[in-house]
Undergrad: 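Sharing a structure, written as structure tokens. Questions coming.
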Amino acid sequence: MDAHDLITRNAAEVVTEEEVEEIAADLEERSSSGSRTQSGDPEGKRAYVGYEPSGVLHIGHMLGANKLIDLQEAGMEVVILLADVHAYLNGKGTFEEIRETATRMQEQFVAYGLDEERTEFVLGSEFQFGEEYTLDLHALELETTLSRAERAMSEIGSGDSVTVSQAVYPLMQALDIEYLDIDLAVGGMEQRKVHMLARDTLPSIDYEAPTCLHTPLISELSTGIGKMSSSSGVTISMEDSTEEIEDKVNGAFCPAGEVDPEPTEEDEARNNPVLEIFEYFVFPRFDEVVVARPDEYGGDLRYDAYEQLVSDFASGELHPADAKSALARYLDSLIEPGREKLMEQRGG
RNA sequence: CCGCCCUUAGCUCAGACUGGUAGAGCAGCCGACUGUAGAUCGGCUUGCCCCCCGUUCAAAUCGGGGAGGGCGGACCA
């Protein structure tokens, strides 16, 4: 797979396609000339994603990590911002508490499969209190209306009250992209308003508009309606036991043969979360997927591409129950190293 | 600072005028039916009624104080 395909595979959108092509072309040129990207190389292409530190990685973090692994493979340098200041601004606790969870999070990312040598972890507070940063932040504040900043914070639900800190939050995200010298800003689709704000406002203080890549959001597991969230409903995380994974996956909405389930009576869009997780988690990380199937139903099935699995599912050849048990098994093996790290962290 | 409104189950709210320690819908959980889940049936759980003080035999309900949240406070209409 070439650099461009690695960058864009399983991405919900890229802004803009032209800008990504430029990055990909540059990576291709460098790899063919034999100059493998070294960390800290001023010419290297850098991608980043930012997360508020949380003690336990959940499926959203893992989805982002999958993309970062793709980007590393494509030759990019990868930066994970452990956004302690952002977490503080979002009311997640004291700096001490937040920083402690930041360390745990970093270890879990490595356990999940990020190359430790090629991943740079940066604590937001390392650079976000600098004088220059602060002045730039105020300059951005001058360029941004409250309502625009408020709209960019996806976590703010209607009806919730908004603090000034939450309005500053997205502006800092924009500035981080510049200060970390990022060529590609990565985030889930819930980050697109923040990134669009960054593209609009950074040029007004004479910085470049960042190129952005957004990963899809997985549908709510038990209904297929809306998006899976770490704050409500069923979510999958690194602290799930094998049994919990099995139970959660087994409880997932998964109508037989329906790749594109019908909307609900209230006209809410529905997706098949089981297929989504196969597509975004399993196939990117495994060359071959084996679905164990009882002999009475025809024996095991083997796939080396997501499309093959979908086509069997659509035809009815692959039954949801078999798909689910296979999914639980693969998800479990993805989570296992992180789960062990987590137990180690808690035991010590 | 001042004024008005709100606070009851995880969520949206009823109950307050006419005191008798609480209800609905949704969600959730459990069974039946499906080789999964959903749908559909059947069953079940849940509450510092925002806090404190007072009146009363008895307070979610009445009185006082407080906290949190929403909206408003020039002009124009």
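Numbers restart at 1 for each chain; the letters A, B, ... are given by sequence-line order, proteins then strands.
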Undergrad: Rounding to an integer number of angstrom, what distance separates B:C13 and B:U36 when you compare their C1' atoms?
TA: 36 Å
Undergrad: In whole angstroms, how far is the P atom of B:G38 from the CG atom of A:Asn272?
TA: 14 Å
Undergrad: Rounded to the nearest 0.5 Å, how far does CG of A:Asn271 lie from CD of A:Glu276?
TA: 4.5 Å
Undergrad: In plain terms, say whether A:Arg46 and A:Glu120 are close enough for a salt bridge, that is, a side-chain N and a carboxylate O under 4.0 Å apart.
TA: yes
Undergrad: Would you call A:Phe253 stacked on B:G38, i.e. ring centres under 5.5 Å apart with the planes less than 30° off parallel?
TA: no
Undergrad: For B:A14 versus B:G25, give the span between their P atoms, rounded off to a whole number of Å.
TA: 16 Å
Undergrad: Under 4.0 Å between a side-chain nitrogen and a carboxylate oxygen: does that hold for A:Arg9 and A:Glu73?
TA: no
Undergrad: Near RNA chain B, counting only heavy atoms under 4.0 Å, which residues of residues 302-321 of chain A show up?
TA: A:His319, A:Pro320, A:Ala321
Undergrad: Tell me: CG of A:Asn250 to C1' of B:U34, nearest whole Å?
TA: 13 Å
Undergrad: A:Tyr297 OH to B:U36 P: how many Å, rounded?
TA: 8 Å
Undergrad: Take atom CG of A:Leu221 and atom C1' of B:U36, then tell me their distance rounded to the nearest Å.
TA: 13 Å
Undergrad: Tell me, please, whether A:Tyr330 has A:Arg285 positioned over its six-membered ring: NZ or CZ under 6.0 Å from the ring centre and within 45 degrees of its axis?
TA: no
Undergrad: If the C1' atom of B:A27 is compared with that of B:C33, how far apart are they to the nearest Å?
TA: 23 Å
Undergrad: Counting Watson-Crick and G-U wobble pairs with both distances under 3.5 Å, what is the dot-bracket string for RNA chain B, 5' to 3', using [ ] for crossing pairs and | for pairs to another strand?
TA: (((((((..((((......[..)))).(((((.......))))).....(((((..]....))))))))))))....
Undergrad: Specify the separation, in whole Å, of atom CD of A:Glu262 and atom C1' of B:A39.
TA: 13 Å
Undergrad: Classify A:Ala256 by what it touches in the nucleic acid, base, sugar-phosphate, or nothing, heavy-atom distance under 4.0 Å.
TA: base
Undergrad: Using atom P in both nucleotides, what's the gap between B:G23 and B:U45 to the nearest angstrom?
TA: 12 Å
Undergrad: Taking CD in A:Glu268 as the centre, count heavy atoms belonging to other residues, nucleotides or ligands within less than 6.0 Å. Is the count above 12?
TA: yes
Undergrad: Is the number of heavy atoms from other residues, nucleotides or ligands within 6.0 Å of CG (A:Leu146) greater than 12?
TA: no
Undergrad: By the 4.0 Å heavy-atom rule, please label A:Arg270 as base, sugar-phosphate, or nothing.
TA: sugar-phosphate
Undergrad: Within a 6.0 Å radius of atom OH on A:Tyr88, are there more than 12 heavy atoms belonging to other residues, nucleotides or ligands?
TA: no
Undergrad: Salt bridge (charged side-chain N to carboxylate O under 4.0 Å, His left out) for A:Arg329 and A:Asp332? Distances and angles first, verdict last.
TA: CA-CA 5 Å; A:Arg329 203 158 42 81; A:Asp332 185 59; over 6 Å; no
Undergrad: Hey, do the aromatic rings of A:Phe109 and A:Tyr51 have their centres closer than 6.0 Å?
TA: yes
Undergrad: Above 12 or not: heavy atoms from other molecules or residues under 6.0 Å from CD of A:Glu208?
TA: no
Undergrad: What distance, rounded to whole Å, do you find between the two P atoms, one in B:C30 and one in B:A37?
TA: 11 Å
Undergrad: Let me know the distance between CD of A:Glu268 and C1' of B:G38, rounded to the nearest Å.
TA: 14 Å
Undergrad: Does the pair A:Glu19/A:Arg199 count as a salt bridge with the N-to-O cut at 4.0 Å?
TA: yes
Undergrad: Over how many whole Å does the gap from A:Glu258 atom CD to B:U36 atom C1' extend?
TA: 13 Å
Undergrad: Using the C1' atom as the reference point in each nucleotide, state the distance between B:A16 and B:U61 in Å, no decimals.
TA: 4 Å
Undergrad: Can you check the distance between B:C2 and B:G66, where both ends of the measurement are the P atom (answer in whole Å)?
TA: 10 Å
Undergrad: Please state how far atom CG in A:Asn271 lies from atom C1' in B:G38, giving the value in whole angstrom units.
TA: 15 Å
Undergrad: Give me, pair by pair, the N or O atoms of the protein and of nucleotides 28-31 of chain B that are less than 3.5 Å apart, along with how far apart they are.
TA:
none

Undergrad: Just wondering, more than 12 heavy atoms not from A:Glu288 lying within 6.0 Å of its CD?
TA: yes
Undergrad: What interatomic distance, in whole Å, is found between C1' of B:A59 and the corresponding atom of B:G64?
TA: 14 Å
Undergrad: Students often mix this up, so state it plainly: with edges at 30° and 60°, are the rings of A:Tyr179 and A:Phe127 parallel, tilted or perpendicular?
TA: parallel
